[in-house]
Amino acid sequence: MFKSGVGFLALFGLGWWLLGSSAFEGSMRTVLVAVGCAVMVGLMLAARRFLPSSAGGPFPLHRRRRFNQINGLQWLLIIAIAAVCRHVGVPVLIPPLIAVVVGLHFLPLAVVFEQPRLRIPAALLIASGAAGMTFWLTNGPDETVRLVVGLISALSLWGMAIWTVAGAASAAEQGTRDRRSDVA
């Protein structure tokens with residue numbers, strides 16, 4: 001599940017969803033948190049059911065090294081963004097800027113994993129960050145910035161997870177059909 005990336009997409013999607021749901025209060029926020037947790041659990045269960053335990057396979061050493069470099073740089077940038085934004089008094093920009101960094105990190109990962117489709121969540125995360133910064137620049141409330149960035153980011157990561165699981169489920173179904181036709 002985690003080798004295929006679905007586990008990470010589901011968990012980080014929940015994190016973004018929780019950010020977006022922080023724009024609400026009371027029972028609405030509680031409902032949104034519950035929905036986000038249900039989606040994350042559903043994705044994990046679907047991945048467990050439809051993805052083979054070897055999905056994604058072991059990383060060759062050169063890919064693992066490149067993956068670690070990309071993720072290390074991403075986390076350093078995230079820490080720097082948080083520190084600088086807090087220092088200059090604009091913590092509202094932390095989520096949009098992080099969304100841009102996370103989106104950008106998917107671009108080299110698309111090459112490392114030979115998965116061009118990772119460019120889609122890359123573009124969506126970059127767009128969510130840009131949208132959040134646009135709301136901030138037009139004096140939109142902080143809650144709207146968090147809602148826009150969190151919602152778009154969560155849906156893009158969860159959408160990628162669904163796409164991965166659906167592809168595996170479709171391949172498994174096709175394999176079953178092929179075996180049935182071979183027997184007949």
Side-chain angles (χ1 to χ4, degrees), residues 1-21 32-75 78 95 98-132 147-184:
M1 165 175 16
F2 283 93
K3 288 181 184 177
S4 68
V6 171
F8 294 108
L9 294 168
L11 289 172
F12 283 106
L14 176 62
W16 285 110
W17 184 263
L18 295 176
L19 171 74
S21 70
L32 290 172
V33 167
V35 166
C37 289
V39 169
M40 188 261 314
V41 168
L43 285 169
M44 297 282 210
L45 292 173
R48 186 169 182 197
R49 180 166 192 273
F50 292 110
L51 295 174
S53 60
S54 64
F59 291 150
L61 182 60
H62 70 284
R63 281 189 181 183
R64 185 174 41 236
R65 186 177 301 126
R66 186 71 179 128
F67 171 79
N68 288 336
Q69 290 169 342
I70 293 164
N71 275 330
L73 178 59
Q74 172 196 231
W75 286 107
I78 287 171
I98 288 175
V100 170
V101 167
V102 172
L104 288 171
H105 113 288
F106 275 110
L107 296 173
L109 288 182
V111 174
V112 169
F113 295 129
E114 298 173 352
Q115 293 290 326
R117 67 188 184 148
L118 287 175
R119 293 179 188 140
I120 294 169
L124 292 171
L125 283 159
I126 293 166
S128 78
L147 177 65
V148 167
V149 173
L151 181 65
I152 296 171
S153 297
L155 294 176
S156 67
L157 294 178
W158 284 343
M160 188 68 199
I162 290 167
W163 189 6
T164 301
V165 171
S170 177
E173 184 179 312
Q174 183 63 40
T176 301
R177 274 192 244 128
D178 290 347
R179 283 190 298 278
R180 286 182 189 153
S181 66
D182 288 344
V183 172

(message) One pair to check against side chain to side chain contact (heavy atoms under 4.5 Å, CB included): Leu9 and Leu43. What are the steps and the verdict?
(response) CA-CA 9 Å; Leu9 294 168; Leu43 285 169; over 6 Å; no
(message) Could you walk me through whether Ile78 and Val102 satisfy the side chain to side chain contact (heavy atoms under 4.5 Å, CB included) test, starting with their C-alpha distance in whole Å, then the side-chain angles of each, then the deciding distance to 0.1 Å, before giving a yes or no?
(response) CA-CA 9 Å; Ile78 287 171; Val102 172; 4.3 Å; yes
(request) Starting from the C-alpha separation in whole Å, work towards a yes-or-no answer on side chain to side chain contact (heavy atoms under 4.5 Å, CB included) for Met44 and Leu11. (result) CA-CA 9 Å; Met44 297 282 210; Leu11 289 172; 3.6 Å; yes
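The line from CH2 of Trp16 to OG of Ser128 is 6.0 Å long, rounded to the nearest 0.5 Å. Of the inter-residue distances, the one linking Met160 atom CE with Phe106 atom CZ reads 8.0 Å to the nearest 0.5 angstrom. Between Leu125 atom CG and Phe12 atom CZ the span is 11.5 Å, to the nearest 0.5 Å. Note that the CG atom of Leu19 and the OG atom of Ser153 stand 8.0 Å from one another [nearest 0.5 Å]. The CZ atom of Arg64 lies 15.5 Å from the CZ atom of Arg66; values are rounded to the nearest 0.5 Å.
Under the ring-ring contact (aromatic ring centres under 6.0 Å, His included) criterion, Trp17 pairs with Trp158, sequence neighbours left out. With sequence neighbours excluded, the residues satisfying salt bridge (Lys or Arg N to Asp or Glu O under 4.0 Å) with Arg63 are Glu114.
In terms of heavy atoms, Gly20 sits closest to Leu147 at O-CD1, 3.6 Å. Nearest approach of Ala131 to Val148, heavy atoms of both residues: CB-CG1, 3.7 Å. Taking every heavy atom of both residues into account, Gly132 and Val149 meet most closely at CA-CG2, 3.6 Å. Of all heavy-atom pairs between Ala10 and Met40, the closest is O-CG, 3.4 Å. In terms of heavy-atom proximity, Val100 sits nearest to Gly129 at CG2-CA, 3.9 Å.
The shortest distance between side-chain heavy atoms of Leu157 and Leu124 does not fall below 4.5 Å. Contact annotation: the side chain of Trp163 approaches that of Ile120 to within less than 4.5 Å [non-hydrogen atoms, C-beta and beyond].
When each of Leu104, Val112, Val111, Leu107 is tested with Ile70 by the rule side-chain contact (heavy atoms from CB on, under 4.5 Å), just one qualifies, namely Val112.
Residue pairs meeting the side-chain hydrogen bond (donor to acceptor under 3.5 Å, both in side chains) criterion with at least one member in residues 116-127, sequence neighbours excluded: Gln115-Arg117, Arg117-Thr164.
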